[in-house]
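Below is one structure; the comments refer to it alone.
In what follows, chains carry the letters A, B, and so on, assigned in the order in which the sequence lines appear, proteins first and then strands, with residues in each chain numbered from 1. FYI, side chains are in, hydrogens and waters are out, and symmetry mates aren't considered; it's all heavy atoms of this structure.
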2 protein chains.
Amino acid sequence: MTKAEIPNTILGEASSQFAAQGYSAVSMRDIAKQLGMTPANLYYHFKDKEDLVRSSLAYVFEGKMCMLDDIVARYDDPLKRLEMVITWFSTLLFEDEIFSRLLYRELLENDDARMKFLSNEVFQGPFSLLVQIIGDCVQTEDPALLVVSVVSLIIGHVQIAKVFKHLKENKPEYNQPEMLTRHVMEAILRLAKPVDAGRTA
Amino acid sequence: MTKAEIPNTILGEASSQFAAQGYSAVSMRDIAKQLGMTPANLYYHFKDKEDLVRSSLAYVFEGKMCMLDDIVARYDDPLKRLEMVITWFSTLLFEDEIFSRLLYRELLENDDARMKFLSNEVFQGPFSLLVQIIGDCVQTEDPALLVVSVVSLIIGHVQIAKVFKHLKENKPEYNQPEMLTRHVMEAILRLAKPVDAGRTA
DNA sequence: GTCTATATTCAGATAGAC
DNA sequence: GTCTATCTGAATATAGAC
């Protein structure tokens with residue numbers, strides 16, 4: 001997928017603009033302008049706009065998910081490992097606007113072909129890994145369902161934070177990855193039974 | 001906000017297309033065409049495209065949230081009431097593509113002015129109501145946080161279902177409002193302590 | 001209230017020079 | 001690899017007839 005160096009510069013700018021404004025709201029001209037190029041040059045590197053969109057998605061999503069493997073490799077203790085994964089994901093969603101917005105956009109657009117591609121090529125691995133990681137920490141009938149709930153909690157809290165901050169019930173400390181991590185870890189331990197306390201302490 | 005009858009027809013079509021494809025991907029031509037009108041006529045009813053977008057949002061969101069009040073009025077038992085609210089919201093998100101997609105779009109766009117408007121005018125009421133409804137069922141330090149978690153679970157599950165259905169861990173019965181309601185109700189009772197079992201039985 | 005006709009701007013995309 | 005120049009179509013929006 002890595003075509004060279006110039007394309008990567010283009011992909012960086014393109015993904016940033018696509019994330020911020022949406023695919024159809026961003027023109028080839030907009031991207032070219034920010035890069036100090038002419039639109040024509042973009043067509044030298046990418047077949048058409050759709051090609052640029054797909055390449056941008058791949059560029060952003062690939063190379064994020066692999067961080068999961070690093071965390072798994074670095075932490076032996078299951079609970080600590082789970083906590084680090086949740087911290088990583090919360091922080092990613094809170095702080096990486098490009099990743100998170102592109103993710104939300106894909107969830108929204110719900111283009112079936114692209115969804116299937118992303119599910120198979122990007123999300124299946126991390127999801128199964130998460131099922132295993134969480135299965136090492138707690139006992140539950142349906143680990144996959146628990147993982148969906150955990151991911152829901154994280155994604156949901158981050159998204160809803162945007163509304164919540166305008167509500168009178170808001171507390172500023174809610175909108176922080178650390179708080180969210182603590183909250184989600186607590187939730188997991190309430191939703192399922194900790195496994196083999198000796199190993200996880 | 002109700003301008004007459006023709007505008008409502010326009011708003012219905014516009015909100016449908018905006019929900020499906022996004023504001024900038026839908027042209028005045030597209031909307032007019034589907035209505036069997038010319039674009040020019042749209043400009044008779046709405047000042048410009050932005051006016052049509054905002055009016056469409058108001059048209060869809062207003063009149064959805066008021067259903068909450070109906071539920072509260074209809075059910076006395078706190079637990080039953082909570083369950084009906086969750087069922088209503090799950091079903092709304094699963095089945096009303098226009099409402100749900102416009103909601104996701106607003107959460108994504110995160111336009112601060114529009115967000116503040118929506119928070120104050122649309123979401124504050126239902127949110128506070130939910131805090132009260134859930135507070136009647138369970139005891140918890142921070143009811144608002146629990147409500148955010150519950151809403152997160154619902155929104156998250158519905159969104160993630162789109163990915164999940166392509167994963168090998170999927171089970172078809174997951175993608176149903178009834179299942180989600182049961183799951184969320186169970187989660188609430190695990191996350192917080194039921195209050196005064198006598199009243200809620 | 002809806003149309004035709006049109007002004008204007010901007011989009012995606014290509015050919016061909018350098 | 002990047003440009004100039006340009007084609008073609010489509011967008012928003014308006015004026016003015018019916």
Side-chain angles (χ1 to χ4, degrees), chain A residues 1-60 98 101-102 105-106 108-109 111 113-114 117, chain B residues 1-60 101-102 105-106 108-109 111 113-114:
Chain A
M1 219 44 74
T2 327
K3 300 183 180 185
E5 287 153 10
I6 299 130
N8 273 357
T9 321
I10 297 175
L11 289 173
E13 180 58 33
S15 56
S16 162
Q17 291 200 31
F18 286 143
Q21 303 179 249
Y23 311 124
S24 60
V26 173
S27 67
M28 299 297 268
R29 282 172 159 76
D30 293 332
I31 297 164
K33 190 174 191 178
Q34 199 64 29
L35 289 164
M37 291 174 178
T38 56
N41 196 28
L42 294 180
Y43 286 92
Y44 173 79
H45 294 283
F46 300 92
K47 184 181 159 290
D48 53 21
K49 192 183 182 182
E50 182 63 21
D51 183 27
L52 181 53
V53 169
R54 285 173 186 270
S55 302
S56 299
L57 276 178
Y59 172 78
V60 170
I98 294 178
R101 290 175 68 91
L102 287 181
R105 256 180 223 294
E106 288 308 298
L108 173 59
E109 307 263 331
D111 177 288
R114 211 154 64 195
F117 166 78
Chain B
M1 218 41 76
T2 325
K3 300 183 180 185
E5 286 153 11
I6 298 129
N8 274 358
T9 321
I10 296 174
L11 289 173
E13 180 58 32
S15 56
S16 162
Q17 291 200 31
F18 286 143
Q21 303 179 249
Y23 312 122
S24 59
V26 173
S27 68
M28 300 297 267
R29 280 171 161 74
D30 295 330
I31 297 163
K33 190 174 191 176
Q34 199 64 29
L35 289 164
M37 293 174 178
T38 55
N41 197 28
L42 294 179
Y43 286 92
Y44 173 80
H45 294 283
F46 300 93
K47 185 180 158 293
D48 53 20
K49 192 184 181 181
E50 180 63 21
D51 184 27
L52 180 55
V53 169
R54 285 174 186 270
S55 301
S56 300
L57 276 178
Y59 172 78
V60 171
R101 291 174 67 90
L102 287 181
R105 254 179 226 294
E106 288 309 298
L108 172 59
E109 306 265 330
D111 177 290
R114 213 153 64 193

Item to check | Separation of B:Glu13 CD from B:Leu11 CG (nearest 0.5 Å) | outcome: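 Between B:Leu11 CG and B:Glu13 CD, I get 11.0 Å after rounding to 0.5 Å.
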Item to check | Distance (rounded to the nearest 0.5 Å) between B:Lys49 NZ and B:Phe18 CZ | outcome: 6.0 Å
For atom [atom1] of [X] and atom [atom2] of [N], their distance in whole Å:
{"X": "A:Glu50", "N": "C:dA11", "atom1": "CD", "atom2": "P", "result": "18 Å"}
{"X": "A:Ile31", "N": "C:dA13", "atom1": "CD1", "atom2": "C1'", "result": "14 Å"}
{"X": "B:Lys49", "N": "C:dC10", "atom1": "NZ", "atom2": "P", "result": "15 Å"}
{"X": "B:Met28", "N": "D:dA13", "atom1": "CE", "atom2": "P", "result": "6 Å"}
{"X": "A:Asp51", "N": "C:dA13", "atom1": "CG", "atom2": "C1'", "result": "14 Å"}
{"X": "A:Asp48", "N": "C:dG12", "atom1": "CG", "atom2": "C1'", "result": "9 Å"}

Next on the checklist: Is a donor from one side chain sitting under 3.5 angstrom from an acceptor on the other, for B:Asn41 and B:Thr38?
Outcome noted: no
Taking only nitrogen or oxygen atoms into account, show me every contact under 3.5 Å that the protein makes with nucleotides 3-6 of chain C, one pair per line with its distance.
{"from": "C:dC3", "atom 1": "OP2", "to": "B:Thr38", "atom 2": "N", "distance (Å)": "2.9"}
{"from": "C:dC3", "atom 1": "OP2", "to": "B:Thr38", "atom 2": "OG1", "distance (Å)": "3.0"}

Item to check | Nearest-nucleotide pick for A:Asp30, side chain only, options being C:dA11, D:dA11, D:dA13 | outcome: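 Nucleotide nearest to A:Asp30's side chain: C:dA11.
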Item to check | With sequence neighbours excluded, residues passing ring pair (Phe, Tyr, Trp, His ring centres under 6.0 Å) with B:Tyr43 | outcome: none
Checklist entry - How far apart are the C-alpha atoms of A:Gln34 and A:Val26, what are their side-chain angles, what is the distance that settles it, and do they pass the side-chain contact (heavy atoms from CB on, under 4.5 Å) test? => result CA-CA 12 Å; A:Gln34 199 64 29; A:Val26 173; over 6 Å; no
Hey, does the side chain of [X] come within less than 4.0 Å of [N]'s phosphate (OP1/OP2), counting only N and O?
{"X": "B:Tyr43", "N": "D:dA13", "answer": "yes"}
{"X": "B:Ser27", "N": "D:dA10", "answer": "no"}
{"X": "B:Tyr44", "N": "C:dG1", "answer": "yes"}

Checklist entry - A:Ser15 and A:Val60: which non-hydrogen atoms are nearest, and at how many Å? => result CB-CG2, 3.5 Å
